[in-house]
**Student:** 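Below: one structure in structure tokens.
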Amino acid sequence: MYYNIKTSDELTHVQQILINSSKIAYDTETTGLKWYRSKVFLHSFSNGEDNFVIRVANFNKSVLENFLRSILEDKNKLIIGQNIKFDRHHLRHTHGIEILGQICDTMLMSHLMDENTTTSLKPRCKAVLGIAMDEKEAVDGWLKENIGANKEKWDFSLVPEHIMDPYAGNDPWLCIKLYDHYLPSIEKHFRQLYETDMKVFDILYKMEKNGLPVDLPYLKSFQAILEERIEKNKKENIFFNFGAEFDVDSPMEVAEVLYKKMKFPVPKLTDKGVNSTDDEALGQIDHPVPKGIQQHRSMSKLLTTYVISLQEQAVNGLVHPDYSLTRTRTGRLSCSDPNAQNLAKNDELRRAFTVDPGEEMWFWDQSQIEMVGFAMYSKDSKMINAIKTGVDLHAMTAAEVLNKPVDQITKEERAMGKGTNFAMIYGVGKAKLARYLSEYVGRKIEDTEAAGFKGKYLNAFPMVYAFQRQVMSVIQMYREPWGHFVKNKFGRVRRIESQKAYTGVNHLIQGWAADMMKAAMVKIEEKFHPKWVQNIHDAIRLDLPVNTTVEIARDIGKLLTDFPEVELPIKYTMERSQTNWAEVKEVR
DNA sequence: GGATCCCGTTACGTC
DNA sequence: GACGTAACGGGATCCA
């Protein structure tokens with residue numbers, strides 16, 4: 001049951017009820033998903049019994065905002081949300097209000113309790129509470145019927161009240177029910193992880209709010225340059241040498257041109273058995289046309305995915321990425337709109353990422369954190385010694401596998417060592433290893449060579465082999481309460497189907513590394529309250545005042561790497577720039 | 001019949 | 001291994 005609150009008297013009454021409720025759920029309905037381009041048009045609350053829908057349009061601005069403050073700024077109140085980072089952004093952007101109460105989030109709870117299915121509120125409530133709410137269907141139905149009429153400037157606020165409000169009224173009620181359901185299990189199994197994740201959630205909120213400064217005039221000029229290069233490449237390298245024009249962006253047409261018309265032998269097939277035209281296949285053909293297509297691909301990736309999209313997403317010279325704590329199975333962060341974690345390593349692109357005047361961008365990264373985790377989990381003495389004495393791990397791997405002294409390892413051999421180390425962490429088979437090594441070494445490596453390398457590797461590092469076997473067998477054993485699963489040292493659980501037990505090693509290492517970074521970020525926030533700008537898995541960017549000393553930066557680096565319980569040294573590297581990302585210089 | 005939407009596939013950027 | 005984004009292309013759907 002919900003109440004649509006329309007008068008000041010009703011609002012006052014609701015205010016009394018909510019002020020007296022120590023635990024409430026809060027939700028917003030907005031005109032869009034991007035907070036920096038949308039407004040809240042509806043607030044909804046629930047105390048678990050009564051649900052209140054409050055439309056922004058029905059109230060005087062200051063009356064409404066006073067009401068919101070009286071509830072959401074109450075530091076003693078527990079405020080529960082479903083992905084409340086979203087509501088916090090919208091609340092701030094629309095009303096300039098911050099939630100000051102203690103925050104809990106059911107999406108984070110859902111993810112800890114089950115990382116393999118959707119964390120979306122209604123499906124989750126249906127699955128674990130058996131409560132099915134179909135009010136959303138009416139909203140969808142109405143949208144479907146009416147969206148055709150004026151799809152240009154569409155938003156949720158146009159859905160009629162009698163359809164939208166029952167749906168909006170349900171959400172906070174469901175949220176509080178799910179919270180009550182999950183809380184005992186979270187307390188029992190994931191208390192520490194949940195606490196850390198909530199703190200990281202708050203840091204991410206700040207990071208997104210701060211945004212990344214981008215140089216729009218530069219991007220615009222870079223776009224023009226790229227477009228020119230792409231045209232020129234198509235004309236002079238691809239079409240000229242082929243003798244006709246075609247759609248270079250179409251894998252189908254590329255295959256037609258290369259394998260039917262130009263009659264090159266097919267180097268490889270895709271997973272579905274189609275003649276492949278990916279970079280590896282093109283690399284096998286020595287001719288200007290495939291070379292031109294390779295160039296075209298990397299240039300248009302840069303242009304569309306980064307250069308154009310960044311300009312479209314920027315507001316006042318800032319892009320505001322959306323980080324998620326619940327979209328990976330391992331506990332890593334993910335990021336979208338834009339994905340600030342996979343911005344191409346390309347100086348011309350990274351020049352576009354600037355820093356505000358008076359500040360300097362600083363990057364720290366945890367060196368080889370996954371290798372440290374690998375050594376720690378496998379307890380391999382050679383690896384542990386190498387990490388303790390600072391020996392080059394990848395060269396050492398090559399030396400061990402090839403049975404020769406480290407100082408005689410060539411560049412290519414080291415690359416193979418590095419590739420193999422990563423492959424072991426990833427848990428790949430020989431076919432994938434071969435492809436992977438080829439990329440690293442820069443020449444074609446056959447499956448047999450890769451398999452041989454892997455075999456020698458496992459002989460040289462028997463503990464790694466034992467570790468793999470142990471993880472597999474732990475997963476194979478069906479156990480309570482999670483079925484087939486592994487758990488990392490932070491207690492993060494990955495439920496894995498027994499047939500896919502090989503992914504267990506990867507989960508332990510990758511998830512452990514992710515939890516290490518989260519723990520470090522929390523420590524850094526608590527000690528320094530810095531301006532958070534970016535996270536790239538094992539690296540962070542903070543923008544600090546230009547007069548910040550190297551000593552302070554080193555203190556931050558220490559927090560990023562100082563984990564006595566790991567019993568292995570973790571190192572960090574530090575970079576900074578007062579201009580842009582392409583200009584960062586290592587600080588020693 | 002033609003425009004539009006959806007979804008699987010292919011490809012490629014990061015750690 | 002873990003992701004997110006873009007583009008294509010075939011099939012389904014909508015609309016006139």
**Student:** Contacts to DNA chain C from residues 289-306 of chain A, heavy-atom cutoff under 4.0 Å, which residues?
**Tutor:** A:K301, A:T304, A:T305
**Student:** Do NZ/NE/NH1/NH2 and the carboxylate oxygens of A:E115 and A:R495 come within less than 4.0 Å?
**Tutor:** yes
**Student:** To the nearest angstrom, how far is A:I369 atom CD1 from B:dC15 atom C1'?
**Tutor:** 13 Å
**Student:** So what does A:L343 touch, heavy atoms closer than 4.0 Å: a base, only the sugar-phosphate, or nothing?
**Tutor:** sugar-phosphate
**Student:** Nearest-Å distance, CG (A:D515) to P (B:dC15)?
**Tutor:** 20 Å
**Student:** Are A:E525 and A:K199 close enough for a salt bridge, meaning some N to O gap below 4.0 Å?
**Tutor:** no
**Student:** Is A:S276 close enough to B:dA11 that one of its side-chain N or O atoms is under 4.0 Å from OP1 or OP2 there?
**Tutor:** yes
**Student:** Side chain of A:K345: nearest nucleotide among C:dG1, B:dC15, C:dC8?
**Tutor:** B:dC15
**Student:** Take the protein atom NE2 of A:H537 and the nucleotide atom P of C:dG4, then report the distance between them rounded to whole Å.
**Tutor:** 9 Å
**Student:** So, A:D202 and A:K206, do they make that salt bridge, N to O below 4.0 Å?
**Tutor:** yes
**Student:** Do the charged groups of A:E348 and A:R229 touch, with an N to O distance under 4.0 Å?
**Tutor:** yes
**Student:** Counting any heavy atom closer than 4.0 Å, what does A:D271 reach on the DNA or RNA strands: base, sugar-phosphate only, or nothing?
**Tutor:** nothing
**Student:** Return the value, rounded to whole Å, for the distance between atom CG of A:D337 and atom C1' of C:dG4.
**Tutor:** 9 Å
**Student:** Looking at A:K523 and A:D562, is there a salt bridge between them, counting it only when a charged N and a carboxylate O are closer than 4.0 Å?
**Tutor:** no
**Student:** Counting heavy atoms from C-beta on, name the nucleotide in C:dG9, C:dC3, B:dC15 closest to the side chain of A:T328.
**Tutor:** C:dC3
**Student:** For the pair A:R435 and A:D447, find out whether any cationic side-chain nitrogen is under 4.0 Å from an anionic carboxylate oxygen.
**Tutor:** no
**Student:** Answer yes when A:K234 and A:E245 have at least one side-chain N-carboxylate O distance shorter than 4.0 Å, and no when they do not.
**Tutor:** no
**Student:** Side chains of A:N580 and A:D215: donor-acceptor distance under 3.5 Å anywhere?
**Tutor:** no
**Student:** Rounded to whole angstroms, how far apart are CD on A:E439 and P on B:dC15?
**Tutor:** 14 Å
**Student:** Below 4.0 angstrom from OP1 or OP2 of C:dA2, is there any side-chain N or O of A:S334?
**Tutor:** no
**Student:** Does A:T270 put a side-chain nitrogen or oxygen below 4.0 Å from OP1 or OP2 of B:dT9?
**Tutor:** no
**Student:** Are A:D365 and A:T573 linked by a side-chain donor-acceptor pair shorter than 3.5 Å?
**Tutor:** yes
**Student:** OP1 or OP2 of B:dC15 versus the side-chain N and O atoms of A:R332: is any pair under 4.0 Å?
**Tutor:** no
**Student:** Rounding to an integer number of Å, can you tell me how far A:D322 CG sits from C:dT5 C1'?
**Tutor:** 14 Å
**Student:** Send over the distance from A:Q341 CD to B:dC15 C1', rounded to a whole Å.
**Tutor:** 8 Å
**Student:** Measuring from atom CE of A:M416 to atom OG1 of A:T397, what distance do you get when rounded to the nearest 0.5 angstrom?
**Tutor:** 12.0 Å
**Student:** Measure the angle between the two terminal helix axes of the helix from B:dG1-C:dC15 to B:dC15-C:dG1, five base pairs each, and quote it to 10°.
**Tutor:** 10°
**Student:** Of the listed nucleotides (C:dG10, B:dC15, C:dA7), which one gets closest to any side-chain atom of A:M252?
**Tutor:** C:dG10
**Student:** With a non-hydrogen cut-off below 4.0 angstrom, is A:N346 in contact with a base, only sugar-phosphate, or nothing?
**Tutor:** nothing
**Student:** Just checking A:V274: base, sugar-phosphate only, or nothing, at a heavy-atom cut-off of under 4.0 Å?
**Tutor:** sugar-phosphate
**Student:** Does a side chain donor of either A:W35 or A:E208 reach within less than 3.5 Å of an acceptor in the other side chain?
**Tutor:** no
**Student:** In whole angstrom, what separates A:K432's NZ from C:dA2's P?
**Tutor:** 8 Å
**Student:** Output the single nucleotide from B:dG13, B:dA11, C:dG10 whose closest atom is nearest the side chain of A:A344.
**Tutor:** B:dG13
**Student:** Quick one: the side chain of A:N342 and the base of B:dG13, do they pair up donor-acceptor inside 3.5 Å?
**Tutor:** yes
